[in-house]
Amino acid sequence: MKKIAVFTSHVYEQMSGMMQKGLIDAALKHGVKLIFFASFGDSYSSKNYKEFSKYDEGDKVSFDIPDLNDFDGVVKITTYFSDILKEHLKIILSKYDIPVISIGGNDEEHFNIRCDDKNTFAKVVEHVIECHGCKDIFHLAGDQQPHHGFSQDRFESYKRVLEEHGIPFDEEKVYYGNLWYDCGEPALDYILDTYSKRDKKFPDAVVCVNDYSAIGLINACKSRGIRIPEDMIITGFDAVAESTCGFPTLTTARQSFYDMGYQAIVTMLRMIEGEKFDEDIMIEGDILCNQSCGCQEKNVDSIEDFRRSYLKKIENATAIAQSTTNLMISVSDVNTLEECFKAISDNAKTDTGFRDMLLCLAPGWDKQRIVDDDFSESDEDMTVVAGFRDCGKTDVPVHHFRKKDILPKDMLEDPKPYYIFALHHLQYYMGYLIADPDIDNREQKAIQSWFVDLGVILETRRIQIDLEQSVTRLGYLYNRDMLTELYNRRGLEEFFKEYFEECIKNSTGLAVIVFDMDDLKTINDRFGHNEGDYGLKTIAYAMLEASNGDEVCARSGGDEFVVLAKNYTADKADSFVMKVREVIGRKVMLDDKEYKVCVSTGSYIEFPGIDPGEDLHRVFEKCLKEADSTMYAEKREHKVGRDSIS
C-alpha cells in the first residue's frame with residue numbers, strides 16, 4: 001500500500017475541505033494510505049497571528065513530525081499557508097527526493113494541480129461586459145504577496161479581457177486588499193474617493209479577486225445605502241458557501257476543488273511509477289450567475305437557504321464552544337494526571353466531530369521541549385495516554401508506539417486516512433493528537449480554540465507537577481541537612497510523636513542515641529574543611545548502614561548527630577553504636593585516609609506512659625538531655641586531639 005503525506009492548514013475551511021474529500025475518495029479507491037499533517041496557520045487577515053509568533057513556532061511542528069523517507073509522495077494543500085508555514089515547509093521538502101504535488105495554488109517549487117485562474121476569472125469579467133454592458137470596471141485585487149500567485153493571475157486576466165474588449169486599463173481602478181472580509185470598508189472608501197473626482201458616483205462593476213473580498217465590499221455598500229446591483233455590480237470568485245447565503249447572492253466562479261484533490265492522487269501514482277509531467281494540470285471552473293450582477297431577481301431572498309446552510313454550522317460552533325467550557329471544568333475537578341487524560345478523552349467524544357481520537361504524548365512533554373532541526377528523522381517512544389475509536393464506543397488503553405511509524409500498528413495498516421495535529425503550548429512541543437475528524441459544517445476557529453485550550457490544560461498540569469515537585473523539594477530542604485542528607489532537628493521532631501505513640505502501644509522502649517564527632521576542628525585545621533566534611537558524611541553513612549527501619553537519623557548541628565529509635569532496649573542501642581563504629585572504621589580504612597574518624601556516644605531509653613496531658617516536646621528535650629549527658633561523660637574519657645589523629 002502506497003503511503004502519501006498531506007500537508008495542510010485550515011482543515012475545516014470549505015475549499016480545503018473539498019480538496020481533502022477528493023484526496024480521500026481517490027486514495028480509498030486506489031488503495032493509498034493518506035496521513036494528513038495539519039496546522040492552524042492563517043495568511044488571510046492582517047489582524048490574525050502576527051503577534052503570535054511563539055504559537056506559530058509550536059504549530060508548525062505538525063510538519064516536522066513525519067520522516068518523509070518513509071513516504072512515497074507528498075501532497076500540499078496550498079490555499080491557506082501562512083508565510084511562516086510556507087517557508088518552513090519549503091525547507092523540509094528540500095531535504096527529500098520524492099514526488100511533491102501542490103493543489104489549490106501556484107507553487108513555483110513543485111508540480112501543481114490548480115484552477116485555471118486566468119481563463120476562469122476571464123469568464124467573470126467577460127460576463128459583466130458582454131451580458132450587462134459594463135465598460136467602467138473596477139478590480140478589488142489581492143495583496144500582491146509573491147505566494148498569492150493566483151491573485152496576480154486574476155489581475156492579469158482582468159487586464160487582458162479589458163484589452164480584448166477595447167476598454168483601456170486604468171491603474172487607479174485597482175485596489176489591493178487582503179483577500180478577507182475586512183478589506184471591504186477600505187476598498188469602498190478608495191472607490192468613492194476615486195469617483196468623487198470623476199463625473200459619476202460609482203463604477204459599473206467591481207470584479208473582486210475572491211468571494212470573501214466581494215462579500216466584505218457588499219456589506220460595506222449595504223451599510224452606506226449603496227444598492228447592489230442597481231448602483232454597481234459586484235462579483236466574486238471561488239463559490240464559497242457564504243456566496244449564496246447572503247442578500248444579494250453573489251455572482252462568482254466555482255473552482256473544482258474536489259477534482260483537484262482526486263486528480264492529485266491519480267497523478268501521484270503515475271509519478272511514483274516514473275511518469276514525467278512537464279506542465280501543471282489546469283482545471284477550468286464555471287461561472288455561477290446570481291443576484292449581485294442582476295441575472296437573478298432580488299425579490300427571491302435566499303434567507304431560508306442561509307438559515308438551512310448555517311444552522312448546522314452554528315449548532316456545531318456552539319457545541320464546540322460548550323465542549324471547550326466542559327473540558328476546562330472537567331479537568332479542573334480531577335486529582336491525578338491519569339484522570340486528566342481520561343477527562344480529555346471523554347470530552348472529545350462529543351461535539352468535536354472526532355470519530356477516532358488518540359492523545360499521544362512525547363518524551364519530555366512536561367519539560368517545555370523545543371524540537372531541533374533533525375526532529376523529522378529522529379525516533380522516540382510515543383505514549384497513547386487516552387483515546388477512543390468507533391465514535392467513542394471503544395476506549396483505547398495506554399500503550400506505546402514509535403514516532404517513526406506516526407500511527408499505532410493497527411491504524412497504520414487499515415485503509416482509513418488519519419490526521420495529525422501537533423499538541424503544543426506556544427512554542428513548546430508536547431506530542432500530537434491522532435484523529436479521524438468530520439470536517440463538514442465546522443468552524444476552523446472554534447476547533448482551533450479547542451486545541452489551544454488543550455495545550456493550555458497540559459501546560460497547566462505541567463506547572464502543577466512542577467509545583468508539587470517544588471513543594472516536595474522545599475519540604476525536603478526544610479527537614480534535611482544538605483551536607484549529609486540526613487534529617488535535621490526539625491525533621492527528627494516530626495517523627496517523635498509517631499514513635500512515642502507506637503512505643504506506648506507496644507510497651508517498648510523509645511531510644512535517643514547521640515553521636516558527636518571527635519576532633520572535627522583538628523581535622524579541618526590539618527587536612528582542610530573538605531576532609532572535615534568527609535568525616536561528617538562518613539558518620540551519616542554509617543548511621544544509615546546500621547539502621548534497620550526502626551530508626552530516624554539526623555544531624556542536629558555542627559558535629560552532633562541524633563538517632564531516634566522505636567522498640568529499643570539498652571542492648572539494642574549498644575549494638576547500634578557498635579555497628580556505626582565498625583562501618584566508620586572500615587570506610588576510613590578503605591578510603592585510605594591519614595586520620596581516624598572517631599565519635600563519642602550516649603543513649604537514653606524512655607518507656608512512655610499513657611498521659612494525655614504530657615508535653616511531647618518536653619519529653620523529647622529530656623531524652624536528648626539524658627543522652628547528651630552520657631555522651632559528654634564518654635567524651636571526657638577520650639583523649640581529645642591525640643588518639644583520633646594518627
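Heavy atoms only: backbone and side chains are in, while hydrogens, waters and symmetry mates are out. By convention here, the first residue in the shown sequence is residue 1.
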Would you call Arg154-Asp238 a salt bridge at under 4.0 Å N-O?
yes
Rounded to the nearest 0.5 Å, what separates atom CG in Asp286 from atom OG1 in Thr120?
8.0 Å
Flag side-chain contact, heavy atom, 4.5 Å: Ile98 against Asp72
no
With a 4.5 Å cut-off on side-chain heavy atoms, are Asn290 and Leu250 touching?
no
Asp64 side chain reached by His88 side chain, heavy atoms, under 4.5 Å:
yes
Could you measure the distance from the NE2 atom of His30 to the CE atom of Met1? Nearest 0.5 Å is fine.
15.0 Å
Between CG of Asp373 and CD1 of Ile91, what distance do you get to the nearest 0.5 Å?
8.5 Å
Is Glu284 close to Ser256 at the side-chain level, that is, under 4.5 Å between some pair of heavy atoms?
no
Is Glu126 paired with Lys123 through a side-chain N to carboxylate O contact shorter than 4.0 Å?
no
Minimum side-chain heavy-atom gap Ile420-Phe36 below 4.5 Å
no
So, is the end of the Lys173 side chain (NZ or CZ) under 6.0 Å from the ring centre of Phe138 and within 45° of the ring's axis?
no
Salt bridge Arg355-Asp390, side-chain N to carboxylate O under 4.0 Å
no
Phe169 ring centre to Lys159 NZ or CZ under 6.0 Å, with the angle to the axis within 45°?
yes
Check whether the ring centres of Phe421 and Tyr432 lie less than 6.0 Å apart, and answer yes or no.
no
Would you please indicate if the ring centroids of Phe237 and Phe121 are separated by under 6.0 Å?
yes
Starting at OG of Ser449, measure out to CG of Leu327 and round the result to the nearest 0.5 Å.
12.0 Å
Closest heavy-atom pair, Lys86 versus Thr78, reported as atoms and distance to 0.1 Å, is NZ-O, 4.4 Å
Do we get Lys403 above Phe375's six-membered ring, with its NZ or CZ under 6.0 Å from the centre and within 45° of the axis?
yes
Run the ring-centre check on Phe63 versus Phe7 and record whether the distance is less than 6.0 Å.
yes
According to side-chain hydrogen bond (donor to acceptor under 3.5 Å, both in side chains), who are the partners of Asn326, at least two apart in sequence or on a separate chain?
Gln322
Close side-chain approach of Tyr262 to Asp25, heavy-atom, < 4.5 Å:
yes
For Glu413, the salt bridge (charged side-chain N to carboxylate O under 4.0 Å, His left out) test, sequence neighbours excluded, returns Lys409
Indicate the atoms forming the closest heavy-atom contact of Ile272 with Pro99, along with that distance.
CG1-CG, 4.4 Å
Enumerate the side-chain hydrogen bond (donor to acceptor under 3.5 Å, both in side chains) contacts for residues 418-427, please, sequence neighbours excluded, ordered by first and then second residue.
Gln20-Tyr419, Arg389-Tyr418, Asp414-Tyr418
State, with a plain yes or no, whether a side-chain heavy atom of Glu242 is found less than 4.5 Å away from one of Tyr212.
yes
